[in-house]
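Proteins get letters first, then strands, A, B, ... in listed order; numbering begins at 1 in each.
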Amino acid sequence: MERGFEVAVITVGKKDLLKLAAVELSDEELENAVSSLGMVVEKAEGGDLSIDITPNRPDMLSAEGLGRAISAFVEEKTGLRTYKVKESGIEVYVDKSVKRVRPFIAAAVARNVKLDDALVKSLAGLQEKLHDTVGRKRRKVAIGFTDLEKLKPPFTYKAVGPSESPFVPLEQKEAWTPERILKELPKGKAYGYILEGRKRYPLITDSAGNVVALPPIITAETAKIGPETKSVFIDVTGTSQRAIWECLSIICCALADRGAEIQSVWVNDGKRYATPDLSPEESAVPLRRIDGLLGRRFDAEEAKELLERMGYGVEMDEKKAKLHVKIPPYRTDVMHEVDLIEDVAVAFGYMNFAPTLPDFPSTGVPSASEERDNAVREILVGFGFNEVLARYITNRRDNFTKPGIGEHPAIHIKNPLTENATMFRSWCLPSLLEILGLNKDQKMPQRIFEVGDVALLEGGKAVEKKKLAAAICDAKASFSEMKSLVGAVLAEMGMKCEFAELDSHPTFIPGRAVEILRDGKPVGVFGEVHPQALANFGIEQPVAALEMELP
Amino acid sequence: MLHQHEKAVLRAIDEGATTPGELCKATKLPLDAAGRALLLLKEKKAVELREERRVEYRIEKEGKKFCDGGFPERRLLERLRSGDAEFSALDAEEKSVGVPWAKRLGWVEIAEKDGKRVLRMSAAGKDVAEKGYELEKACRKVAMEAALEEAEAQKFGQALMDRGLVCKHEKTEITHVKLTKVGESLLADEVFVQQKPEVNILTKEMISAGKWKDVSLRPYDTDAAVERAFPGKTHPLRRVMGRIRRIFLEMGFEEMEGRMIESSFWNFDALFQPQDHPARDLADTFYLLQPDRIEIPDEELGKKVAKAHQKGWKYSWSREVAQQPVLRTHTTALSARYVAETGMEKRKAPAKYFSIGRVYRNEATDYKHLAEFHQVEGIVVDEDATFRDLLGILKEFYGKLGFEKIRFRPSFFPYTEPSLEVEVFYEPKGVWMELGGAGIFRPEVCLPLWGKYPVLAWGLSLERPLMLMRGIEDIRTFYKNDLAWLREPMDGKGL
């Protein structure tokens with residue numbers, strides 16, 4: 001169980017947040033509410049709060065969404081919020097040319113917008129966070145805001161050549177070609193990779209032929225929004241229709257919460273349909289499912305109240321056995337009834353559940369291989385060895401070159417970050433030699449061992465093997481000391497092995513190393529390490545070493 | 001008990017020795033050994049020592065040179081004895097050292113002769129030339145390692161040091177020793193015990209033949225420093241692993257076994273992570289050049305997972321992407337396999353499983369992040385399991401790990417619903433700390449793999465509790481294998 005993602009951190013003004021939530025809360029009450037909703041207040045500084053938002057709740061990436069959730073949770077304004085959408089009559093024609101570039105667009109109009117500081121800040125933040133999370137750094141979703149009154153609908157969404165349709169990009173004075181924007185403008189350089197290799201770039205234009213935006217890079221200076229803007233045109237483009245619809249819903253709900261009137265836009269891509277759709281989705285949850293999963297009986301009224309505190313609209317059926325739930329349009333994460341059941345638990349409070357234990361009988365069963373490994377470790381510790389914990393990710397230089405051996409088929413990494421981490425080690429001794437090199441100034445003798453993993457490529461398949469490796473570093477370390485140790489370890493493990501002459505192995509001194517055979521098959525090697533290998537690892541004393549596969 | 005050297009010294013004093021020199025002669029001990037024995041006896045109040053601080057001068061390099069070749073200012077006088085001399089007639093040392101010193105001492109004056117400037121000896125200079133140069137004599141004495149007389153030392157010691165010709169050493173010397181009453185009584189006892197010969201090593205022969213009765217075994221200086229010994233030990237993380245394994249086994253969990261080189265299918269797809277999920281980005285996951293792919297073991301299973309993705313995430317699922325080999329990013333990949341094997345009836349439900357295994361992240365390492373680390377994971381595969389059971393198991397698990405106070409907070413994991421974060425109260429620091437995540441695998445995970453629902457799951461990083469308990473700030477410490485750290489005593493802490 002690991003997150004596997006980074007949380008998004010948003011900064012909101014406390015006053016603004018409480019105004020949106022329409023409640024008075026002390027700092028502690030506010031922090032508790034946020035935490036109870038599954039988010040974490042990272043920092044409270046001045047009048048601002050920095051809050052971690054998990055990726056399942058993009059609707060909480062702005063003060064509006066967060067305020068809305070808090071308002072319901074603290075029972076100020078519970079139940080479903082409905083969002084009205086009027087028709088704007090505006091149309092966006094989708095040209096076939098965008099199909100292979102950036103196929104989807106959705107749009108909306110927000111009227112009677114008051115673009116004060118709080119809203120500008122909040123809107124820009126929401127846009128940026130949606131880009132980074134759901135939008136996968138604008139590749140999947142990109143959002144543009146423009147001033148409708150500076151534009152002449154209807155709009156066209158099409159793809160154009162890199163040097164076609166020059167326009168004045170945001171915060172610039174002269175007209176730039178799309179190609180130059182990608183090459184020279186900071187935003188172009190940052191997001192140009194999304195259009196890399198494309199022969200044509202996506203562009204939104206109005207009926208007068210003015211460029212509105214070059215998604216996912218930048219909008220036009222001529223359509224810039226400002227304090228005087230009353231009507232905002234919102235365009236959302238991307239590679240997933242579902243994702244752009246979700247983002248558009250979240251933005252529209254945020255603007256509506258600030259008092260804007262949301263109007264739909266006709267998208268015509270062969271089919272003609274209106275976006276956004278802010279009507280609630282409907283779902284039903286049988287009460288017994290809630291009880292069954294959470295392990296506690298909730299009666300219908302109680303469950304209804306809890307769901308209303310999470311912003312849902314809830315109706316009971318006659319028998320009070322089932323809840324009919326209306327899911328608000330911004331809750332894009334609700335996919336299944338378990339998502340609703342979780343929200344019942346969240347509203348109820350995790351700490352209010354009395355813990356129980358599963359009551360089926362079972363006995364502990366250790367893994368046989370783990371038990372074997374531990375038995376081997378015990379033997380080595382008995383001989384006075386220190387266990388080390390080596391890293392398994394290595395590189396050709398450490399795995400092959402330094403110990404002086406030729407390359408053999410191994411597991412190499414396709415996307416290494418650094419030249420130090422390019423492969424999975426194929427044997428253990430280089431790890432031990434590296435550790436001895438690092439410890440050359442520590443007290444001698446040094447006796448170290450490891451029961452660890454290696455991986456090889458055999459017949460096109462990855463094969464993982466468990467190995468015992470040990471090394472003695474000391475002025476008097478010798479083949480015979482290692483031989484008596486190996487003999488004792490094998491005897492303790494009950495392994496019958498023979499020792500055979502070792503065909504040239506450059507890591508060892510010729511004539512001072514042998515191969516370990518089990519049923520005639522080589523399973524390991526031990527001997528005195530070659531001075532060249534010692535020098536390569538920065539070791540200044542003789543080393544006798546062992547590496548063998550565990551049965 | 002007295003050391004043999006102490007005894008010998010006591011006897012020698014008794015026989016009339018009064019100085020360290022005499023003691024050495026009588027006992028045949030080297031001076032330092034006799035000195036140590038005297039100091040030990042002094043501590044025991046067996047002797048009275050008279051000590052003197054001595055000052056000794058030693059010749060420096062420059063002083064040696066001047067003694068060998070003559071002091072430059074005196075050589076200058078020699079030269080002037082036979083008449084005035086021009087500057088150009090002087091050697092380099094006479095010019096640079098001799099002239100300034102002779103001038104300062106008033107031995108020479110500058111006069112005019114035939115229109116040229118010359119050096120001429122003064123009356124004082126004549127006097128010195130006749131009587132000799134006392135400073136030089138003192139310096140020669142030092143050079144020959146002879147002691148300066150009191151008056152000499154006072155007159156010339158500082159001057160010679162100022163010119164860097166000699167240096168001063170101070171040392172304390174024992175000049176006279178005398179037995180005390182204690183010493184006398186010790187000696188009396190000693191004479192009595194001294195009947196038997198003293199030996200150092202007890203041999204096999206002595207034991208078996210009973211000869212040990214005829215000898216006295218020499219006592220040791222039991223306070224003497226000895227070499228530090230280091231026991232063989234397992235790695236500190238291994239000990240935590242052991243403790244956590246024992247907890248799981250006590251709680252009736254079965255240990256899972258699996259591989260680290262895994263298909264994306266088990267690492268991501270089986271856990272309902274869409275194929276464009278950020279966690280699957282190249283930046284976070286180690287993808288492998290070879291093998292080309294790792295097959296999905298069961299055709300039917302592949303289809304079910306594909307369907308869950310298509311329905312839930314609304315995109316077209318790719319088998320190729322699912323077959324990409326990766327280094328597992330979490331041990332939940334292993335849990336997914338076990339849940340699926342339950343679905344294939346290779347395993348029975350209800351069941352409880354755990355694993356402690358290594359996982360990989362393609363990220364830059366720093367004090368907080370490692371590219372490879374260990375994860376602890378537990379799952380309960382049970383149709384009747386509930387959210388309350390999950391809370392109960394977590395309470396028990398963390399309780400056994402030593403965290404009495406525990407609290408839960410809603411959270412999010414892509415494959416669990418509900419999800420929660422576990423926080424434990426860490427008494428020594430008096431703070432709540434995040435120590436793992438937990439949740440119930442989503443139906444979209446359970447149903448394709450198992451056909452039933454639910455599975456409880458939780459996990460934590462292995463390194464984290466140990467960092468808390470041992471106050472380790474840098475996670476890289478665990479994999480550095482610094483022997484000084486590995487050899488560090490455990491201070492009685494089992495963990």
### Task
Please determine if B/K352 forms a cation-pi arrangement with B/F248, meaning its NZ or CZ atom is less than 6.0 Å from the six-membered ring centre and no more than 45° off the ring axis.
no
### Query
salt bridge (charged side-chain N to carboxylate O under 4.0 Å, His left out) with A/E450: which of A/R391, A/R425, A/K466?
A/R425
### Query
Does any heavy atom of chain A fall under 4.5 Å from the side chain of B/I247, the backbone, both, or neither of them?
neither
### Task
Please state whether the side chain, the backbone, both or neither of B/P454 comes within less than 4.5 Å of a heavy atom of chain A.
side chain
### Interface moiety of B/R245 toward chain A, non-hydrogen atoms closer than 4.5 Å
side chain
### Query
Between B/L237 and chain A, which part of the residue has a heavy atom less than 4.5 Å away: side chain, backbone, both or neither?
side chain
#### Entry: Contact class of B/E372 relative to chain A, heavy atoms under 4.5 angstrom
side chain
#### Entry: Contact class of B/F230 relative to chain A, heavy atoms under 4.5 angstrom
side chain
### Residue B/E250 versus chain A: region with a heavy atom under 4.5 Å
neither
### Message
For B/F408, which atoms come within 4.5 Å of any heavy atom of chain A: side chain, backbone, both, or neither?
### Response
both
### Query
Where does A/F383 contact chain B at under 4.5 Å (heavy atoms): side chain, backbone, both or neither?
neither
### Query
Relative to chain B, which segment of A/L457 carries a heavy atom at a distance below 4.5 Å: side chain, backbone, both, or neither?
side chain
### Query
For the side-chain contact (heavy atoms from CB on, under 4.5 Å) test, which of B/R293, B/Q275, B/Q324 pairs with B/S264?
B/Q324
#### Entry: Which atoms of A/E434 approach chain B - backbone, side chain, both or neither, heavy atom under 4.5 Å
neither
### Message
Less than 4.5 Å to any heavy atom of chain A: does that hold for the side chain of B/A385, its backbone, both, or neither?
### Response
backbone
### Query
Checking heavy atoms, do the side chain of B/Y453, its backbone, both or neither come under 4.5 Å from chain A?
side chain
### Task
Would you check if the distance from the ring center of A/F424 to the ring center of A/Y392 is below 6.0 Å?
yes
### Aromatic ring proximity, centroids under 6.0 angstrom, A/F348 and A/F298
yes
### Task
Just say parallel, tilted or perpendicular for the rings of B/H309 and B/Y315, cut-offs at 30° and 60°.
perpendicular
### Task
May I ask you to name which of A/S369, A/G460, A/A455, A/A345 has the most heavy-atom pairs under 4.5 Å with chain B?
A/S369
### Task
With a 4.5 angstrom heavy-atom cut-off, could you sort out which part of B/D482 is near chain A: side chain, backbone, both or neither?
both
#### Entry: Engaged part of B/S419 at the chain A interface, taking heavy atoms whose separation is under 4.5 Å
both
#### Entry: Name of the residue among B/R238, B/R239, B/H235 meeting side chain to side chain donor-acceptor pair (under 3.5 Å) with A/E387
B/R238
### Task
With a 4.5 angstrom heavy-atom cut-off, could you sort out which part of A/I413 is near chain B: side chain, backbone, both or neither?
both
### Message
Would you say the ring centers of B/F387 and A/F353 fall short of 6.0 Å from each other?
### Response
yes
### Message
For A/H412 and B/Y287, I'd like to know if the aromatic rings sit close, meaning centre-to-centre distance below 6.0 Å.
### Response
no
### Message
Between B/K395 and chain A, with a heavy-atom cut-off of 4.5 Å, which part of the residue counts as in contact: side chain, backbone, both or neither?
### Response
side chain
### Task
Could you note down all residue pairs passing salt bridge (charged side-chain N to carboxylate O under 4.0 Å, His left out) where residues 343-368 of chain A supplies at least one of them, sequence neighbours left out?
A/R331-A/D343
### Task
Check whether the ring centres of B/F253 and B/W458 lie less than 6.0 Å apart, and answer yes or no.
yes
#### Entry: Which portion of B/K311 sits near chain A, non-hydrogen atoms under 4.5 angstrom
neither
### Task
With a 4.5 Å cut-off on heavy-atom pairs, point out which of A/D52, A/V346, A/L294, A/D291 contacts chain B the most.
A/L294
### Summary
Counting heavy-atom pairs under 4.5 Å with chain B, the top scorer among A/R57, A/M335, A/Q442, A/R136 is A/R136
#### Entry: Side chain / backbone / both / neither for A/S36 at chain B, heavy atoms under 4.5 Å
backbone
